[in-house]
Visitor: 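Let me begin by handing over the structure; questions about it come next.
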Amino acid sequence: MALAVEVEDLWFKYQTSKEWVLRGVNLKVEKGEYVGLLGPASAGKTTLCMTFNGLIPHYVKGVFRGVVRVFGVDTSKVDLVDLAKDVQVVFQEAASQLIMSSVEEELVYPLVNLRGLTVEEARAEALRALRELGVAHLASRNPQTCSGGEKQRILLALMLALKPKLLVVDEATSDLDPEISEVFYRLSKELNEEGTTVIVVTQDTDRLVEVADRVILMERGLIVNEGDPREVMRRAQLLDGIVRTPQVVEYALELRRLGLELETLPLTVEEVVELVRRAYSKGREPVV
């Protein structure tokens, strides 16, 4: 099994914190997986993500115990710049991650330095990525003059264009409208199918379960559940408050409570329609 991420007995607390934010986390993510990381606020999800690109322990100080390896490299023993060649993390607060004087430069500079493109190639790739996320018209704008949702789109366009070996998206779709959010999930899945390992932290369980290979639930600094999205969503009914159940799953569970047994738990609208059709075709009475 080739691993993209390997976390062993990871503990961390910030300098200003009395409590451990991460408490003995163990995690393995295979190369090429698309993983969803879910959990309530203060579960430790963002802190865990900061260990993947070396922000913890190199930049964010605190008490760090355990080992985090990304593609076999101990992140505590290599420079952040070296990690950036393979790992890109997008956080919810986009403003602090945008530092150039124009949106186009935000993409061109890293595309030249990290992907090795020429300036002309980088400009073409930047405009293509910005166009896909619906922000090509902002190319000449100072990113700090853009709205929160526009900043998120700019960063997501950059990360998708960089095509890193590991892409981590931490709540960076929170300000996107449903149409653009759908575009992100489609593009990130396409990138994943090309070989990029993707980890997405989100509250948007409806879309996540459609694309993720595996879902991980965190609570109070621990991983409390993980597995195939279908199985985890079924077990999530016993974990009140940890994760919002997708609407399709809620609908299917309600049908079951009303007496219509479905063959499996659906994760998409198309699946629930087909399962209901098949249930009725077997002579079961319609649910009223």
Side-chain angles (χ1 to χ4, degrees), residues 1-6 27-38 45 49 52-53 69-73 83-91 107 110-111 114-117 121-122 124-136 152-173 176 178-216 226-233 246 248-249 264-271 274:
M1 179 176 63
L3 295 178
V5 177
E6 185 176 15
L27 171 66
K28 291 181 179 180
V29 177
E30 294 184 34
K31 289 182 180 178
E33 266 196 295
Y34 195 122
V35 174
L37 184 58
L38 304 173
K45 305 184 298 296
C49 288
F52 298 154
N53 67 347
R69 298 186 188 91
V70 177
F71 301 109
V73 176
L83 285 170
K85 296 173 183 177
D86 293 330
V87 184
Q88 291 294 325
V89 182
V90 192
F91 295 103
L107 277 72
L111 284 171
L114 295 177
R115 275 192 59 188
L117 303 183
E121 290 171 337
E125 186 73 3
L127 288 174
R128 181 197 62 77
L130 291 169
R131 191 177 299 113
E132 287 184 315
L133 271 296
V135 285
Q152 284 191 340
R153 290 199 237 175
I154 293 163
L155 273 176
L156 291 172
L158 167 60
M159 300 309 169
L160 292 169
L162 281 174
K163 299 182 179 180
K165 291 171 64 177
L166 172 63
L167 173 62
V168 182
V169 180
D170 180 19
E171 298 282 9
T173 61
L176 301 185
E179 181 180 352
I180 296 299
S181 183
E182 189 68 37
V183 169
F184 162 73
Y185 280 104
R186 175 177 59 80
L187 293 175
S188 64
K189 187 61 177 178
E190 290 175 1
L191 191 64
N192 171 248
E193 290 170 349
E194 293 173 4
T196 293
T197 305
V198 179
I199 300 175
V200 175
V201 180
T202 183
Q203 300 300 318
D204 186 5
T205 53
D206 294 278
R207 289 181 177 82
L208 180 67
V209 295
E210 295 182 13
V211 297
D213 301 312
R214 185 158 54 108
V215 171
I216 297 169
E226 63 177 299
D228 173 85
R230 208 177 303 274
E231 289 303 314
V232 171
M233 288 301 106
V248 167
V249 174
T264 188
L265 188 69
L267 297 179
T268 68
V269 172
E270 292 77 15
E271 282 186 356
E274 176 60 19

Visitor: With side chain to side chain contact (heavy atoms under 4.5 Å, CB included) as the test, would you mind laying out the steps for Leu187 and Leu133 before giving the verdict?
Guide: CA-CA 9 Å; Leu187 293 175; Leu133 271 296; 3.7 Å; yes
Visitor: If you define the side chain from C-beta out and look only at heavy atoms, does anything of Ile216 sit under 4.5 Å from Leu27?
Guide: yes
Visitor: Gly32 and Thr197: which non-hydrogen atoms are nearest, and at how many Å?
Guide: N-OG1, 2.8 Å
Visitor: Answer yes or no: is there an ion pair linking Glu121 with Arg115, defined by an N-O contact shorter than 4.0 Å?
Guide: no
Visitor: Between atom CD of Glu125 and atom CG of Leu127, what is the distance when rounded to the nearest 0.5 Å?
Guide: 10.0 Å
Visitor: Please tell me if the side chains of Leu3 and Arg69 come closer than 4.5 Å, counting only heavy atoms from C-beta onward.
Guide: no
Visitor: Looking at every heavy atom in both Val89 and Cys49, which two are closest together, and how far apart are they?
Guide: CG2-O, 4.3 Å
Visitor: In plain terms, say whether Glu182 and Arg186 are close enough for a salt bridge, that is, a side-chain N and a carboxylate O under 4.0 Å apart.
Guide: no
Visitor: Are the side chains of Lys31 and Phe71 in contact, using a 4.5 Å heavy-atom criterion?
Guide: yes
Visitor: Is it true that a side-chain atom of Arg230 and a backbone atom of Leu265 form a donor plus acceptor pair closer than 3.5 Å?
Guide: yes
Visitor: Between Glu231 (side chain only) and Asp228 (backbone N and O only), is there a donor and an acceptor less than 3.5 Å apart?
Guide: no
Visitor: Is any side-chain heavy atom of Gln152 closer than 4.5 Å to one of Ile180?
Guide: no
Visitor: Can you find a heavy atom in the side chain of Val248 that is under 4.5 Å from one in the side chain of Glu271?
Guide: no
Visitor: Working to the nearest 0.5 Å, report the span between CG of Asp170 and CZ of Phe91.
Guide: 6.0 Å
Visitor: Do Met159 and Leu156 make a side-chain contact, defined as non-hydrogen atoms from C-beta onward lying under 4.5 Å apart?
Guide: no
Visitor: Hey, does the side chain of Thr196 reach the backbone of Lys165 with a donor-acceptor pair shorter than 3.5 angstrom?
Guide: no
Visitor: Give, for atom CG of Leu267 and atom CG of Asp206, the distance between the pair rounded to the nearest 0.5 Å.
Guide: 10.5 Å
Visitor: Run the side chain to side chain contact (heavy atoms under 4.5 Å, CB included) test on Leu167 and Leu191 for me, step by step, so that the C-alpha distance in whole Å, both residues' side-chain angles and the decisive distance to 0.1 Å come before the verdict.
Guide: CA-CA 9 Å; Leu167 173 62; Leu191 191 64; 4.2 Å; yes
Visitor: Just how far is it from atom CG of Leu166 to atom CD of Glu33, taken to the nearest 0.5 Å?
Guide: 11.5 Å
Visitor: To check you understand the geometry: which heavy-atom pair defines the closest contact between Ala212 and Gly36, and what is its length?
Guide: CB-N, 4.2 Å
Visitor: Pair Glu132, Arg128 - check salt bridge (Lys or Arg N to Asp or Glu O under 4.0 Å), show working.
Guide: CA-CA 6 Å; Glu132 287 184 315; Arg128 181 197 62 77; 2.6 Å; yes
Visitor: What I'd like to find out is whether the side chain of Leu37 reaches to under 4.5 Å of the side chain of Val200, using heavy atoms alone.
Guide: no
Visitor: Working to the nearest 0.5 Å, report the span between CG of Leu107 and CG of Leu155.
Guide: 8.5 Å
Visitor: Looking only at heavy atoms, what is the nearest atom pair of Leu158 and Pro110, with distance?
Guide: CD1-CG, 3.5 Å
Visitor: For residues Ser188 and Val198, report the shortest heavy-atom separation together with the two atoms involved.
Guide: O-CG2, 4.0 Å
Visitor: Find out whether Tyr185 and Glu210 are in side-chain contact, i.e. whether some heavy atom of one side chain is under 4.5 Å from a heavy atom of the other.
Guide: no
Visitor: Is the backbone N or O of Gln88 less than 3.5 Å from a side-chain atom of Asn53, with the two atoms forming a donor-acceptor pair by type?
Guide: no
Visitor: If you draw a 6.0 Å radius around CD in Glu193, do more than 12 non-hydrogen atoms from other residues or ligands fall strictly inside?
Guide: yes
Visitor: For the atom pair CG (Leu38) and OG1 (Thr202), what is the distance rounded to the nearest 0.5 Å?
Guide: 7.5 Å
